[in-house]
Chemist: 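Have a look at this one before I ask anything.
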Amino acid sequence: MGTSVVSGSAKILAVKTGASTEIGAIADSITRHLPATSFEISAHRFGLLILRLTILLVLFVLLVNALMHKPLLESFLFAVALAVGLTPELLPMVVSVTLARGAVSMARKQVIVKRLASIQNLGSMDTLCTDKTGTLTEARIVLQQHVDPQGNSSERVLELAYLNSFFETGLKSPLDEAILDHKNIDVDVWKKIDEIPFDFERRRVSVLVDNGESRLLVVKGAPEEIMGLCTCYETQGNKTQTPLDQPSREQIHGKLASFEKEGFRVLGIAWREVPLNHPHAVLSDETGLVFAGFACFLDPPKASASVALSALQKSEVTVKIVTGDSELVTQHIYTQLNIPITRILTGREIAQMDDSVLRVKVESTNLFCRVNPSQKERVILALKARGHVVGYLGDGINDAPPLHSADVGLSVDSAVDVAKEAADMILLNHDLNVIHAGVLEGRRTFGNIMKYIMMGTSSNFGNMFSMDGAALFLPFLPMLPTQILLNNILYDLSEVPIPLDKVDAEELQKPRELDINFIRNYMLVIGPISSVFDFLTFYIMLTLLEADEALFQTGWFIESLCTQVLVIFIIRTRGNPLKSRAHPILVATSLTVVVLAVTIPFTPVGTYFGFVPPPARFYFILAVMVITYLIVVEVAKRSFYRRYHSFARSNKYPFLNQN
């Protein structure tokens, strides 16, 4: 499974099938159930919060009405209507429409969204892990030098590298393509005998070739691995072979380090002559090799990478490079892009760490080098265990597990099928700027979802708390069940356009998660203000207007609907509501609902619901109360956010942190 046959015929013994194969294991890894994402966890907690409040208030109403000997059926219907009124039933629609609108917007920015929930995860992402090739670099790899161990240009090295890449089967790597494109070499005299394919543990590939006079095993791979298998090295253009002693090794390692510091990706080239009757290439043949030299490749940094990294940093998204390349090569790219390196971890170091140690190290590390696919996934899981919302950008078959493990998996349209299958989003343009645009869109989506949650919970909680309080002293129901449901329907209609609304620039500056403690605290600050004005309405209706049951219910219906609809314009922004303009459709629907609330008692529909026309002075009192209420909420909102930002900065109250 996964083998590509280029030509020829062979007898093959299949020793593993299905999920037991390497590709099968990868496919199995992306189907396993993973822990819920941050958005899913927070949404579940929010549901539990609403459930607890609903049960508490409903049981309280039933208990009070029972103690006051009110009709049982009427009390039960009132309690059910109260539960419906407290439930943010429009939330699934708001979330779905907002995410769908975000997906359309991201499609215009060259991002195809496969899973809608990933948009919110992208907005909450605070750590992005990616390879450097094609992200920080142009992904236009060119063979720049082919040199012997002393650093002199060598056609012999080019010929050996060309033979290895030409006869290597399977998918060609960009390095193979760069070798084959560099120069056309006649290989007609050579015939391939056998091959030891590349794998991520050996980090090399060997081919056994024959030209009728000699049979050679040509090996190409990571320089450190290749040099560890060599006992000699070539000098004077293959005229002599010199034993590879310790001083020679140090000298060659120094030459390798100098190439990598200049930003070159380097392959080691070695060979070994075997008997003409040597039939197969096996792992034991990869010993006693002759080191021929280096093939040096250059992949220049992207002009746009520095700007994109700066933009992500300003948006408080940390970029961590997870690559199989040398640390010296990657450091050179970092230097050219003016990226500070906080810490480097290599695959060899990661292999010696258990998961608990790795979780500590990943926090301060932004450069992971020489890592294999399994280590990539370990890095992703370690970051998630630290509480980060992690994105991963990859395009290879071995990127499938980390793509699946990340909170949001990102791939490109040129990626292999299994990587695109595991990804949540597909980038049509392999550019970090596209990801940054997606991050901002995810935050806009989250901002509009939060508007509904904060408006719904605060105003609904205040109104339902008022109903509970009214049930303690009123000899009749403060609002009929049908009136509660009508109030709830009209309020929901006013909020339908929320997905179209704009989000303040301040909301896009940092990753944000659905913080239940923040929502609860906000609800406990804004909700009681609504209740205070509701109780003031009760007092005015009962004392100044001497209202009977029908007039009382009518007056409170109008007041509660006007206040909770108009407060949308206060709650939808953290700043000045006069400077942050709402979407015209949101303004239109909100004002329409307010007009309906004021006029419905004068219509036949109002009579059907049990409303009666209020006196004229009620509307004067209502106008004063609504204006005062909006001013008080604005003052309370600003005070809440001042304390919120102060506590978050001092970190005295961790539950107030946005992240």
Side-chain angles (χ1 to χ4, degrees), residues 39 42-43 46 87-113 115-124 315 425 436-460 487-514 519 522 526 561-597 630 633-634 637:
F39 182 69
S42 299
F46 176 70
T87 303
E89 65 277 355
L90 206 64
L91 181 60
M93 187 279 290
V94 169
V95 171
S96 298
V97 173
T98 305
L99 291 176
R101 187 168 182 267
V104 172
S105 178
M106 291 180 70
R108 298 192 189 104
K109 297 179 174 67
Q110 304 293 297
V111 180
I112 304 301
V113 179
R115 299 177 180 90
L116 283 180
S118 64
I119 298 176
Q120 196 281 330
N121 291 330
L122 187 62
S124 300
S315 298
M425 298 182 183
H436 181 249
V439 167
L440 296 182
E441 189 59 44
R443 293 178 186 178
R444 289 188 190 96
T445 300
F446 176 81
N448 281 332
I449 292 173
M450 280 296 295
K451 286 177 186 179
Y452 175 78
I453 291 175
M454 294 167 68
M455 288 187 291
T457 52
S458 58
S459 60
N460 284 5
N487 182 297
N488 195 50
I489 290 172
L490 291 175
Y491 174 63
D492 284 344
L493 288 175
S494 71
E495 295 189 331
V496 167
I498 284 179
L500 305 176
D501 199 19
K502 295 180 181 179
V503 177
D504 293 341
E506 294 80 4
E507 300 290 311
L508 308 179
Q509 291 179 351
K510 62 177 62 180
R512 298 183 62 205
E513 295 183 53
L514 193 62
I519 295 172
Y522 191 88
I526 304 300
L561 193 55
C562 288
T563 53
Q564 67 179 336
V565 168
L566 293 178
V567 81
I568 289 175
F569 302 105
I570 304 295
I571 296 178
R572 61 171 291 276
T573 176
R574 297 191 180 199
N576 188 335
L578 299 178
K579 294 181 180 179
S580 176
R581 295 184 179 181
H583 194 280
I585 297 180
L586 179 61
V587 175
T589 55
S590 299
L591 295 181
T592 300
V593 168
V594 169
V595 171
L596 284 174
L630 295 179
V633 171
E634 174 65 17
K637 180 195 73 175

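Every value quoted in this text rests on a predicted model; they were computed, and no experiment measured them.
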Chemist: Among Asp501, Ile571, Thr573, find the residue that satisfies the side chain to side chain contact (heavy atoms under 4.5 Å, CB included) test when tested with Lys451.
Modeler: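 When Asp501, Ile571, Thr573 are each tested with Lys451, the side chain to side chain contact (heavy atoms under 4.5 Å, CB included) holds only for Asp501.
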Chemist: If only atom types and distance count, is the side chain of Ser105 paired as donor or acceptor with the main-chain N or O of Arg101 below 3.5 Å?
Modeler: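 Checked: no pair found.
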Chemist: Taking atom CD1 of Ile585 and atom OG1 of Thr592, what is their separation to the nearest 0.5 Å?
Modeler: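 The OG1 atom of Thr592 is 11.5 Å from CD1 of Ile585, to the nearest 0.5 Å.
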Chemist: Going through the distances and angles, do Ser315 and Gln509 end up as a side-chain contact (heavy atoms from CB on, under 4.5 Å)?
Modeler: CA-CA 5 Å; Ser315 298; Gln509 291 179 351; over 6 Å; no
Chemist: Is the backbone of Gly575 close enough, under 3.5 Å, to the side chain of Lys637 for a donor and an acceptor to pair up by distance?
Modeler: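 Yes, because the side chain of Lys637 sits within donor-acceptor range (under 3.5 Å) of the backbone of Gly575.
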Chemist: Looking only at non-hydrogen atoms, find the nearest pair between Gly102 and Thr445 and report the distance.
Modeler: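 Minimum heavy-atom contact is CA-OG1, 4.0 Å.
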Chemist: Can you tell me how far CE of Met425 sits from CG of Asn121, rounded to the nearest 0.5 angstrom?
Modeler: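 Interatomic distance, Asn121 CG to Met425 CE, rounded to 0.5 Å: 8.0 Å.
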Chemist: Should we count CZ of Arg115 as having more than 12 external heavy atoms under 6.0 Å?
Modeler: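 Yes, because the 6.0 Å sphere around CZ of Arg115 holds more than 12 heavy atoms from other groups.
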Chemist: Testing Glu634, Glu506, Glu507 for salt bridge (Lys or Arg N to Asp or Glu O under 4.0 Å) with Arg574, which one passes?
Modeler: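 In the set Glu634, Glu506, Glu507, the residue that makes a salt bridge (Lys or Arg N to Asp or Glu O under 4.0 Å) with Arg574 is Glu507.
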Chemist: Which is it for Val565 and Tyr491 under the side-chain contact (heavy atoms from CB on, under 4.5 Å) test, yes or no, and what are the steps along the way?
Modeler: CA-CA 6 Å; Val565 168; Tyr491 174 63; 3.9 Å; yes
Chemist: With the side chain counted from C-beta on, respond yes when Asp492 and Tyr452 share a heavy-atom pair under 4.5 Å apart, and no when they do not.
Modeler: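 Yes. Closest side-chain heavy atoms under 4.5 Å.
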Chemist: For residues Leu586 and Ile568, determine if any side-chain heavy atom of one lies less than 4.5 Å from a side-chain heavy atom of the other.
Modeler: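 The answer is yes; the side chains approach within 4.5 Å.
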Chemist: Checking the side chain of Ser494 only, and the main-chain atoms of Ser590 only, is there a donor and an acceptor separated by less than 3.5 Å?
Modeler: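 The answer is no, because no donor-acceptor pair under 3.5 Å joins these two groups.
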Chemist: Pair Gln564, Asn487 - check side-chain contact (heavy atoms from CB on, under 4.5 Å), show working.
Modeler: CA-CA 10 Å; Gln564 67 179 336; Asn487 182 297; 2.6 Å; yes
Chemist: Ignoring hydrogens and angles, tell me if any N or O in the side chain of Lys109 forms a donor-acceptor pair with the backbone of Gly438 under 3.5 Å.
Modeler: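 No; judged by distance alone, with no hydrogens or angles, the pair does not exist.
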Chemist: Given the rule in the side-chain contact (heavy atoms from CB on, under 4.5 Å) test, do Val496 and Thr589 qualify, once you have shown the distances and angles that lead to the verdict?
Modeler: CA-CA 8 Å; Val496 167; Thr589 55; over 6 Å; no
Chemist: Restricting to side chain to side chain contact (heavy atoms under 4.5 Å, CB included), what partner residues turn up for Ala103, sequence neighbours left out?
Modeler: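 Val113, Leu116, Ile119.
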Chemist: Side chain of Ser580, backbone of Asn576: donor and acceptor closer than 3.5 Å?
Modeler: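 Judged by distance alone, no pair lies under 3.5 Å.
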Chemist: Kindly indicate whether the side chain of Met106, heavy atoms from C-beta on, has any atom under 4.5 Å from the side chain of Leu122.
Modeler: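 They are in side-chain contact.
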Chemist: Measure the CZ-CD distance between Phe446 and Gln120 for me, rounded to the nearest 0.5 Å.
Modeler: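 Separation between the atoms: 5.5 Å.
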Chemist: Show the nearest heavy-atom pair for residues Val633 and Ile570, with the distance to one decimal.
Modeler: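 For Val633 and Ile570, the tightest heavy-atom pair comes out as CG1-CG2, 3.8 Å.
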Chemist: Could you measure the distance from the CD1 atom of Ile449 to the CG atom of Leu99? Nearest 0.5 Å is fine.
Modeler: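 Here the rounded value is 4.5 Å.
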Chemist: Counting only N and O atoms by type, is there a donor-acceptor contact under 3.5 Å from the side chain of Arg444 to the main-chain atoms of Val503?
Modeler: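 No, the answer is negative, given that no donor and acceptor are paired below the 3.5 Å cut-off.
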Chemist: Rounded at 0.5 Å granularity, tell me how far CD1 in Ile498 sits from CZ in Arg572.
Modeler: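 Reported to 0.5 Å precision, the distance equals 9.5 Å.
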